[in-house]
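These numbers come from the heavy atoms of this one structure, side chains and all, not from hydrogens, waters or symmetry mates. Residue numbers start at 1 and run along the sequence shown.
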Amino acid sequence: MKYISCGNYFSLPNEIFLLGLSSGELAVYSFLKRCENRKTHQCWPSYKTIGQAVRMSENTVRKYTLCLEERGLISTEPTEITTRAGQKHNGNLLYTLHPIQEVIDEHYDRQLEQLEISAARQRTTTAQASM
C-alpha cells in the first residue's frame, strides 16, 4: 500500500471527541489530518488511498467524507489533471480541514438553536394546555 507521508506523527485535536463522530467519520478525518499540509491545511488523497488506510470501501469513504462536510470539519473541491496529450480528467478531491475551534463553536451554536426551538415549543404547548 502506498500512503502519503507527512512526517512521523500528526496531532488530532482533543475537541474532535466532543462532536459525537462515528468511528468511520473519525477514521477518515484522522487520515485526512495525517495527510494535511500543516501550512495550508489541505491534502488530496484519493478515496482509494483513504479506504486502503482505514480499511473501508471507496463508497464508504465517500459517505463519511460527505458527513464530515455536513458537520463543517472539511470542505472539498474537485481538481483536474491534464495528461501529456493535453486531455483533461478529474483529479482527486482537494480537502481543506477547517480549524477545530470554528467547528466546535458552530456545533455549540447549532445545539443552542435546537434548545431554543425546543423551549419555544414547550412554552407553546404549556400555554395551549392552560387555556
Side-chain angles (χ1 to χ4, degrees):
M1 279 185 243
K2 182 179 177 184
Y3 296 108
I4 299 168
S5 177
C6 297
N8 294 328
Y9 70 93
F10 69 100
S11 65
L12 193 60
N14 292 332
E15 294 86 357
I16 197 73
F17 297 102
L18 301 174
L19 299 174
L21 299 179
S22 70
S23 58
E25 291 169 320
L26 188 58
V28 171
Y29 179 79
S30 296
F31 187 76
L32 293 174
K33 193 72 175 163
R34 175 186 180 268
C35 295
E36 83 172 324
N37 177 308
R38 292 182 183 133
K39 291 180 183 170
T40 65
H41 305 288
Q42 295 182 320
C43 58
W44 54 92
S46 67
Y47 287 141
K48 182 178 182 179
T49 298
I50 298 168
Q52 287 174 340
V54 299
R55 308 291 191 260
M56 292 178 192
S57 71
E58 292 178 42
N59 285 336
T60 302
V61 170
R62 185 177 295 112
K63 176 182 86 170
Y64 288 129
T65 298
L66 290 172
C67 292
L68 293 171
E69 278 190 284
E70 288 172 5
R71 290 176 173 270
L73 284 160
I74 64 170
S75 56
T76 62
E77 56 187 277
T79 63
E80 264 187 6
I81 59 169
T82 305
T83 64
R84 290 183 184 169
Q87 296 177 320
K88 292 188 177 191
H89 295 282
N90 291 333
N92 296 337
L93 289 176
L94 175 64
Y95 299 90
T96 302
L97 284 74
H98 299 169
I100 194 66
Q101 194 55 55
E102 289 178 16
V103 175
I104 293 293
D105 290 346
E106 289 176 23
H107 174 73
Y108 287 145
D109 287 346
R110 283 191 303 273
Q111 284 185 326
L112 183 59
E113 185 178 310
Q114 289 301 314
L115 286 172
E116 289 170 348
I117 290 169
S118 294
R121 285 183 184 147
Q122 184 63 36
R123 284 191 299 274
T124 301
T125 303
T126 303
Q128 289 175 348
S130 65
M131 291 181 157

**Message:** So P99 and H41, do their side chains get closer than 4.5 Å, heavy atoms only?
**Reply:** no
**Item:** Non-hydrogen atoms of V54 and A27 that approach each other most closely
**Value:** CG1-O, 3.5 Å
**Residues that S57 engages under side chain to side chain donor-acceptor pair (under 3.5 Å), provided they are two or more places apart** = T60
**Request:** With sequence neighbours excluded, tell me which residues meet side-chain contact (heavy atoms from CB on, under 4.5 Å) with T79.
**Result:** L94
**Message:** Looking at N90, I'd like to know if its CG atom is crowded, meaning that more than 12 non-hydrogen atoms belonging to other residues, nucleotides or ligands lie closer than 6.0 Å.
**Reply:** no
**Prompt:** Do the non-hydrogen side-chain atoms of R38 and F10 ever get within less than 4.5 Å of each other?
**Reply:** yes
**Request:** Sequence neighbours left out, what passes side chain to side chain donor-acceptor pair (under 3.5 Å) with S30? Give chain and number order.
**Result:** none
**Distance (rounded to the nearest 0.5 Å) between N14 CG and L12 CG** = 8.0 Å
**Request:** Quick one: pull up CG in L21 and CG in L26 and give me the separation to the nearest 0.5 Å.
**Result:** 6.0 Å
**Message:** So, taking the atom named OH in Y29 and the one named CD1 in I100, what distance separates them when rounded to the nearest 0.5 Å?
**Reply:** 4.5 Å
**Request:** Take L73 and L19 through the side-chain contact (heavy atoms from CB on, under 4.5 Å) test and state the conclusion after the steps.
**Result:** CA-CA 10 Å; L73 284 160; L19 299 174; 3.8 Å; yes
**Item:** Residue pairs involving residues 15-28 (criterion salt bridge (Lys or Arg N to Asp or Glu O under 4.0 Å); sequence neighbours excluded)
**Value:** E25-R71
**Request:** Taking salt bridge (Lys or Arg N to Asp or Glu O under 4.0 Å) as the test, write out the residues that go with K88, two or more places apart.
**Result:** E80
**Fill in**
Across all chains, not counting sequence neighbours, the side-chain contact (heavy atoms from CB on, under 4.5 Å) partners of K63 are none
**Message:** Please enumerate all residues that pass side-chain contact (heavy atoms from CB on, under 4.5 Å) together with Q114, with sequence neighbours excluded.
**Reply:** I117
**Item:** Nearest-0.5 Å distance that lies between atom OH in Y95 and atom CD in E69
**Value:** 8.5 Å
**Asked** Could you give the distance from CZ (F31) to CD (Q52), rounded to the nearest 0.5 Å?
**Response** 9.0 Å
**Prompt:** How long is the span from the CZ atom in R121 to the CD atom in E116, to the nearest 0.5 Å?
**Reply:** 12.5 Å
**Message:** Can you pull out every salt bridge (Lys or Arg N to Asp or Glu O under 4.0 Å) where at least one residue sits in residues 95-114? Sequence neighbours excluded, please.
**Reply:** none
**Asked** Is there side-chain contact between N92 and P45, with at least one heavy-atom pair below 4.5 Å?
**Response** no
**Prompt:** Between V28 and M56, is any pair of side-chain heavy atoms under 4.5 Å apart?
**Reply:** yes
**Complete:** Taken in chain and number order and not counting sequence neighbours, the residues that satisfy side-chain contact (heavy atoms from CB on, under 4.5 Å) with S23 are none
**Test side chain to side chain donor-acceptor pair (under 3.5 Å) applied to Q111 - qualifying residues, sequence neighbours left out** = H107
**Request:** Identify whether L97 and F17 are in the same connected component of the hydrophobic contact network (ILVMFWY, side-chain heavy atoms under 4.5 Å).
**Result:** yes
